[in-house]
Structure formats: structure tokens, C-alpha cells
Amino acid sequence: MDRSQIEYLGGLLHAIGLLEQLGREQFDAPGISSLQFTEQLLQHCPAFAPHAEAIREAVRQAADALPAEPPPSWLEPLLQRVRLPGHPEPTGGRVFPPRSLSDGVVYPVAPEAVGDGREACRKLWQDLQAEAVRTLQGIEDVGAALETLYTLLEKYTSYIPAPAVQARGVSLFDYSRVTAALRLCRTRAEREPAVLLVKGDVSGIQSFIYRELRGDETENPAQLLRGRSFFVALLARTVVRHLQRLFQLPDGCVLYSSGGHFVMLLPNTEDARQRLDEADRSINQALFRELNGAIQLVLAHAEADARTIEHDPSEALYRLEETLQIAKLRKGWSVLETLVGQPIGETPALPKLNPVGQALPYTDYLIEVPELPASEVPEGTRTELALSGFETTWLFVEEEALEPVLRRLGARSATVFNLRTTKIPAVAVARRTGYRLMPAGVYVPMTEASESRRPLMFEELAAIESANYPLLGFLRMDVDNLGALFVVGLREAFGEHRFGLHRTAALSRELDRFFGAHVNTLARGLDVYLVYAGGDDLFAVGSWVRVLRFARSIREKLREYCGDNPSVTISAGLSIHKEHFPITVAADAAGEEEERAKQAGKNRISLFETPVAWEQLRHLVDELAEPLLQAIIDETLPEEERVPRTFVHTLLRYSREVLDEDGRVDLGALARLNHLLHYTFARRNVREEMLQQAPDRPLVRLVQGFLLLERPDRSEWFRTFVIPAAYVLLKTRKQRD
């Protein structure tokens with residue numbers, strides 16, 4: 001270990017004793033507990049033992065600055081506190097209970113529901129100690145030991161508040177990892193500005209995922225789409241890991257990495273910028289060789305004083321973003337020399353990703369192995385993905401094959417990423433292997449037969465709750481105003497308080513936990529196939545009925561996760577198609593629907609080319625469409641309460657004829673149709689007394705909407721009637737023989 005790694009380790013460990021103190025009857029300064037935990041690690045981890053005295057001193061020095069009093073409250077969600085101008089003040093008041101990541105989905109609760117929390121903290125501390133001994137005792141490689149320790153802290157301290165009073169909303173994990181990264185930068189740079197902020201944007205992801213399928217690619221589009229979407233997520237991680245190896249950076253130096261975007265902290269050494277420019281060129285040349293220019297990396301960097309960005313990083317992050325936008329104008333310049341002399345002709349084929357899509361539903365772990373020859377891929381690997389330009393191979397491995405595969409890798413350095421759980425599988429023979437978590441939206445509905453389990457095909461998904469007329473729903477969603485939440489929302493919530501950089505890292509992780517992990521649980525409950533979920537957005541496919549329900553559950557759960565913060569909203573677009581409709585066209589259609597929702601004011605969903613607010617959707621589906629559906633299909637109802645399907649079809653046609661190109665009621669058209677509407681309802685024997693005696697009857701609600709509402713409510717009724725009408729008509733439609 002060099003001096004900077006020791007300082008980094010001191011930053012990771014100096015406040016860990018807070019967890020033990022929060023479990024005690026009498027709170028004391030956390031430093032002593034931190035040193036005791038450090039001593040335990042030094043006894044059991046061969047990688048750390050040779051540097052014991054220097055590590056003790058680094059932990060002791062950092063712990064001396066910790067406050068002697070406990071945090072003022074349990075961990076407050078940052079998504080509950082951020083505020084955008086023009087939005088109502090968040091009510092706040094909720095906290096995360098002290099839990100580990102293995103407890104699954106954790107939502108904020110009222111403080112009284114947590115109680116004193118001491119018992120929960122005692123259990124977390126005991127479990128952390130036991131798992132640290134179990135997982136670190138055989139690791140001899142320093143890098144592997146550091147990333148395994150990082151994972152342990154992530155698992156057990158992500159829902160524990162930071163020790164500093166001014167660090168509200170920052171978890172102990174985010175406080176420790178950012179503090180550790182800044183200590184490493186100061187030590188290596190030996191001067192201020194000590195930090196080189198680096199931002200990367202992996203562009204071309206969407207067009208790569210949704211590009212047209214050709215030839216045999218159309219045989220199993222779900223499998224290929226699964227392979228493409230996971231490949232680009234893995235590619236972004238590969239780029240980050242490549243930069244980490246190049247600059248010898250531990251995981252704490254990655255401020256965030258999701259959705260094809262990342263921010264890293266590099267020591268601002270004399271040659272850092274030159275090496276970064278060289279890395280930019282070499283990475284883009286590698287991407288060009290691998291993908292023929294389909295995906296490119298744009299890098300930008302900005303110097304910053306460590307103390308300044310720890311206090312308030314907004315100015316530095318603004319400069320960084322400005323530099324990135326300028327760099328995007330020069331995108332592709334770094335591969336010009338590669339292009340010179342290339343023959344003009346048909347674009348070469350991109351990597352075959354069907355094996356990745358085929359293996360992913362069965363994969364529990366990914367193993368990253370640098371410089372692994374194809375001839376040495378271990379037996380037991382379900383498939384592998386070699387990225388030669390980065391000298392990295394990813395192995396896709398099932399639970400039962402993990403230990404045999406690691407044994408066959410022998411003395412090679414490797415990192416095991418757990419895709420599905422928070423289990424850290426210590427393998428005694430893997431002395432140079434580190435362990436990380438990779439929460440990813442990878443849920444794929446499977447058949448129920450245990451012996452021949454396989455992913456459901458699109459036609460099988462389409463038939464769920466829609467067997468008479470199978471249709472697929474294609475859903476795209478993302479958080480509104482994401483950039484403003486980071487730049488403006490945090491400043492509005494916390495002003496000039498310290499720990500701005502820590503909050504930036506923590507806010508990104510809060511979002512990534514929801515979209516990378518929590519969304520899997522929601523998808524599993526509805527048999528919805530996640531093509532992609534991570535960062536702040538998702539793309540999902542399934543039975544159109546289930547996908548609509550899924551979209552609504554995502555919005556409701558996000559509200560709960562954010563403490564019903566009015567500044568944190570999400571928009572969605574849903575397109576509905578036959579199961580064999582070209583998937584790339586369907587994805588584009590869902591994207592157009594999502595854009596329609598954004599253009600209409602955000603915090604909306606658009607379907608059937610009609611954007612509506614989420615609460616409005618609840619009214620249209622639950623209070624109008626569902627009762628209307630029962631009035632059509634329930635043959636036990638009295639005749640006067642039933643509604644023919646053809647009647648709904650007629651009303652839908654009338655509602656379309658009344659609207660102009662901008663979706664507003666054309667008064668002239670309405671005047672011409674008014675008598676037809678009255679006549680249509682009169683034929684259904686609608687009488688005035690029915691309006692008073694049975695106002696909730698579906699037929700009466702239709703009368704109220706079409707004939708009795710005043711402007712502008714009547715205009716909105718005509719504009720949005722397509723949603724309940726199409727919902728009912730699609731659910732009652734039958735296949736032709």
C-alpha cells in the first residue's frame with residue numbers, strides 16, 4: 001500500500017465506530033470504536049496487516065476531528081428535501097430506519113416509527129463485524145481488499161446518518177467514501193487545487209439499443225434487446241473501471257456512475273490532464289474498433305480545491321458541465337486518425353449480443369477479469385463478453401458455478417459483482433478477488449416449470465390479462481428536471497452548508513437504488529420485462545394492462561420514496577402494439593409519447609397520444625373505465641345499467657370529431673354534434689331522474705361528461721375520453737377467427 005491508499009483507508013474507517021455508538025445506551029465519541037474495528041481488520045486481512053501501524057495512525061488522525069455528540073436525527077432522504085423554484089415547499093419529516101441493504105426495499109417512515117433505533121444498530125454492527133472477518137480474512141491483494149471493504153460499508157451504513165451535524169441527508173457510507181477520496185487526492189497531489197473533477201458522457205446509448213433489427217436478429221427480439229441494453233450499461237461501467245485501473249483509483253473516487261454518465265475525483269498531479277487526454281483518445285479508439293462509432297465517450301475535466309468542493313461544489317460542477325458541453329461539439333475528433341484510410345462501404349456488423357441476452361436471466365454474478373485470454377475462460381461460465389480494447393473480459397456465472405469458476409481462475413486478479421442480492425460470497429481460494437454490488441434492473445419474467453425455466457416470449461407476455469386480444473405495452477419513464485435537482489434543488493434545500501459534494505454523491509445513489517434495485521421488485525410482481533432500468537429512467541415491456549399498472553406503481557412508489565416531495569416528479573410514455581410489431585419502432589413510439597408528456601408540462605403520462613396528469617389518469621381508469629368495463633361485460637346487471645360496446649365506440653368517434661388540431665373543443669363542431677349526442681343518450685333511455693338517483697352509474701357519468709359539463713371541463717372531457725374508451729374497447733376486443 002502506498003501512502004495515498006493508507007489515507008484513503010483511514011477515511012473509509014475513521015467514522016465507522018458511529019454505528020456501534022448509535023446502538024449503545026450512552027453515546028460516546030466514535031473514534032475508539034473505529035480503532036477497535038480497524039484492529040479487527042488488521043488481524044484478519046492479510047492485505048492490510050503489513051501496514052498496520054500506518055493504518056492505525058491514519059484512522060486515529062481522521063477520527064480525532066469527529067464530533068462527540070450523536071447525529072441530530074436518523075437519515076433524512078435527500079429526495080425528500082430538494083426543492084425547485086416555483087414548486088411548493090416539501091413537507092419532509094420522514095427518515096430512513098437503520099437497515100442494511102439486504103433488508104430489501106427501504107422507504108422513509110415517520111421518526112416515531114423508528115423509535116430509538118438502538119437494537120437495529122446493534123444488530124447491524126454485529127453483522128458487519130462478522131461479515132468483515134468472513135470476507136476479508138483470505139484476501140491478499142490490496143485492491144481486492146479495499147473494494148470488498150467498500151462493499152461492506154455500503155451494505156451496512158447506507159441508511160445510517162453521517163456524524164457531522166451539518167451533513168443532514170448524507171449517509172455514513174457517502175460521508176466516508178467522499179472523505180476518503182478527498183484524502184487520497186490531497187495526498188497524491190501534494191498541493192491545491194488537489195482535485196481534478198472528471199465527467200464522462202457515454203453517448204449513442206439510446207440509438208444503439210433501439211436501432212433496427214436485421215436478419216436473424218428478428219428471431220428473438222426480446223433476447224437481443226436484453227443483450228443490447230445490458231451491454232451498454234456494462235460498457236459504461238467498463239470505461240469507468242478502465243480509468244480506475246489507469247489512475248489507480250479505488251471505488252470511492254467514483255462520485256457516481258449511472259445512465260451512461262459518471263463523475264470521478266482524480267488527484268490533480270502534474271501529468272494528470274495529459275494522461276486523461278491520452279485516455280480519452282485511446283478509449284474512443286477502442287470504442288470505434290469495438291462498435292464502429294455507434295457509441296462514443298465525451299470527457300471533460302476541471303480543477304478544484306478539495307476544501308472548496310467539499311463545502312460547495314456547485315461552481316466547480318458548473319464549470320465541469322460547461323466544459324463537457326464544449327467537448328461534445330468536438331465529439332469524434334479523437335478517432336479521426338483511425339478513420340483516415342478506412343474504406344467507404346457498408347458499416348461492419350456490431351458485436352453479436354444474443355448470447356448476453358440469453359445468459360442474463362440465469363446470471364447471478366458477473367466476474368470482471370483483466371487481460372484474460374479467450375483460451376483461458378473457465379469452464380462453468382455461461383457466456384463471456386470480451387472487450388479487447390479495454391483488456392477486460394466479463395464472465396456471466398450462476399450461483400452454483402461461482403466457486404468452481406473462481407478456483408479455475410487461480411491467482412488472477414478479479415472482481416465479482418453480485419447482480420441480484422447483497423450477498424458477499426467469500427471464496428477461500430480467491431485470494432486476489434474483490435466483491436462489489438451491481439444493483440441492476442434486470443428482471444425478466446420466466447415460465448413456471450422449474451426443470452425447463454426460460455424467459456417468456458413477447459407473445460406470451462402480450463396474452464397476460466389480455467388473452468382475447470393480446471397486446472404489448474412499451475413504457476419509457478424518467479425523472480423530470482434531473483439536472484436542476486442536483487444543481488438547484490440541493491442549493492435551495494441546504495444553502496451554503498458544508499458537505500455539498502457528499503450530497504451530490506448521495507443524491508445520485510438514492511436515485512440509483514430506486515431505479516437499479518427497487519424497480520425489480522415492482523416488475524416481478526407484475527411480470528413486466530425490464531429492458532433497462534438505472535440512473536433515473538427505465539424502459540419496460542409487457543402485457544399492456546400490466547405495464548400501465550406498472551407505470552402507476554412506479555410513480556406511487558417514487559412519491560413514497562421521496563416523501564411526497566412536489567419537486568420530484570416523473571413522466572412516462574406508453575405505446576401499445578401487437579406482439580410482432582417491430583420493437584425498435586415501438587420503442588420510438590414510446591419515446592414520442594414520453595416527450596409528449598414532457599411537453600405538456602411534465603409530471604404526466606401520455607398514452608393513446610394523450611398526455612394527462614397522474615391523478616387524472618387515476619380518475620379516468622379507476623373511476624370511469626373500470627366501472628364502464630363492468631357495465632359491458634357483466635351479464636348479470638339489469639338491462640338499464642348495461643352499456644353496449646358499440647355505444648362506447650360511437651362516443652369515442654364523436655369525441656374525436658369535436659376536437660381541433662390543438663386538442664381544443666371546436667364550438668362549431670360541437671354545435672353540429674350536440675343534437676346527435678342528445679339523441680344517442682336518449683336511445684339508451686337516459687332520463688332526468690336517473691341523474692339524481694344513480695349519479696355513479698357509468699351511463700350517467702357519460703351523460704354528465706358529454707352533455708352537462710361547462711367549459712373548460714367539457715373540453716378536457718372530450719380531449720381525454722380516448723383513454724377510458726380505448727382502455728375498455730381493447731380489453732373487450734376479441735381476435736378474429
Side-chain angles (χ1 to χ4, degrees), residues 1 5-24 30-56 58-60 62-63 66 98-103 120-160 162-163 171-177 179-180 250-252 402-403 406 414-418 421-437:
M1 294 182 77
Q5 290 175 311
I6 291 171
E7 288 297 319
Y8 172 82
L9 182 55
L12 280 184
L13 292 174
H14 79 286
I16 187 62
L18 174 67
L19 179 57
E20 184 192 25
Q21 293 300 322
L22 288 173
R24 290 188 170 186
I32 295 175
S33 297
S34 298
L35 284 166
Q36 290 172 345
F37 182 79
T38 301
E39 202 61 45
Q40 190 177 31
L41 293 187
L42 294 175
Q43 291 175 15
H44 292 92
C45 181
F48 296 152
H51 312 278
E53 192 52 46
I55 292 170
R56 289 189 194 100
V59 174
R60 185 180 298 110
L66 291 173
R99 297 284 186 272
S100 81
L101 293 184
S102 28
D103 289 323
C121 289
R122 282 195 290 270
K123 183 177 188 311
L124 287 174
W125 179 249
Q126 292 165 3
D127 291 348
L128 170 60
Q129 288 180 301
E131 191 159 15
V133 170
R134 180 180 65 82
T135 56
L136 289 167
Q137 63 182 351
I139 299 180
E140 299 173 349
D141 180 80
V142 170
L146 285 175
E147 61 187 2
T148 303
L149 175 61
Y150 181 91
T151 303
L152 285 164
L153 298 184
E154 180 181 17
K155 181 174 178 177
Y156 288 102
T157 66
S158 285
Y159 292 113
I160 303 299
S171 70
L172 176 56
F173 173 65
D174 288 305
Y175 166 83
S176 301
R177 71 186 183 104
T179 300
D251 295 301
L402 179 64
E403 186 166 349
L406 289 176
T415 303
V416 174
F417 290 85
N418 192 330
T421 71
T422 59
K423 175 184 175 183
I424 304 175
V427 178
V429 297
R431 297 183 174 273
R432 295 173 58 81
T433 298
Y435 299 91
R436 288 297 317 279
L437 307 178

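From a predicted model like this one, the values you see are computed outputs, not experimental measurements.
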Show the nearest heavy-atom pair for residues [X] and [Y], with the distance to one decimal.
X      : Y      : result
His51  : Ala47  : CD2-O, 4.0 Å
Leu12  : Leu153 : O-CD1, 3.6 Å
Ala144 : Ile139 : CB-CG2, 3.8 Å
Ala62  : Gly10  : CB-O, 4.2 Å
Tyr175 : Leu66  : OH-CD2, 3.6 Å
Ser34  : Gly17  : OG-N, 2.8 Å

Could you walk me through whether Leu152 and Leu136 pass the side-chain contact (heavy atoms from CB on, under 4.5 Å) check?
CA-CA 10 Å; Leu152 285 164; Leu136 289 167; 4.1 Å; yes
When rounded to the nearest 0.5 angstrom, what distance separates [atom1] in [X] from [atom2] in [Y]?
X      : Y      : atom1 : atom2 : answer
Gln137 : Gln43  : CD    : CD    : 12.5 Å
Leu35  : Arg60  : CG    : CZ    : 5.5 Å
Leu22  : Ser33  : CG    : OG    : 10.0 Å
Cys45  : Leu149 : SG    : CG    : 8.5 Å
Lys155 : Thr422 : NZ    : OG1   : 4.0 Å
Arg24  : Cys121 : CZ    : SG    : 12.5 Å

Please assess Glu53 against Arg56 for the test side-chain contact (heavy atoms from CB on, under 4.5 Å), listing each intermediate value before the final yes or no.
CA-CA 5 Å; Glu53 192 52 46; Arg56 289 189 194 100; 3.0 Å; yes
When you measure from the side chain of [X] to the backbone N and O of [Y], does any donor-acceptor pair fall under 3.5 Å?
X      : Y      : answer
Arg432 : Asp141 : no
Asp103 : Ser100 : yes
Tyr150 : Pro250 : no
Thr157 : Ile160 : no

Under the side-chain contact (heavy atoms from CB on, under 4.5 Å) rule, what do Ile424 and Asn418 come out as? Steps first, then yes or no, please.
CA-CA 8 Å; Ile424 304 175; Asn418 192 330; over 6 Å; no
[X] vs [Y] side-chain heavy atoms within contact, under 4.5 Å:
X      : Y      : answer
Leu406 : Thr433 : yes
Leu41  : His44  : no
Gln36  : Ile32  : yes

Under 6.0 Å between ring centres: does that hold for Phe173 and Tyr159?
no
Report the residue from Asp251, Thr148, Thr415 that forms a side-chain hydrogen bond (donor to acceptor under 3.5 Å, both in side chains) with Arg436.
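For Arg436, the side-chain hydrogen bond (donor to acceptor under 3.5 Å, both in side chains) check succeeds only for Asp251.
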In terms of relative ring orientation, are Phe37 and Trp125 parallel, tilted or perpendicular, with 30° and 60° separating the classes?
tilted
Could you go step by step and tell me if Phe48 and Ile55 meet the side-chain contact (heavy atoms from CB on, under 4.5 Å) rule?
CA-CA 8 Å; Phe48 296 152; Ile55 292 170; 4.0 Å; yes
Candidates Thr151, Ile16, Leu124, Leu101 - the one meeting side chain to side chain contact (heavy atoms under 4.5 Å, CB included) with Tyr156
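Answer to the side chain to side chain contact (heavy atoms under 4.5 Å, CB included) test with Tyr156 among Thr151, Ile16, Leu124, Leu101: Leu124.
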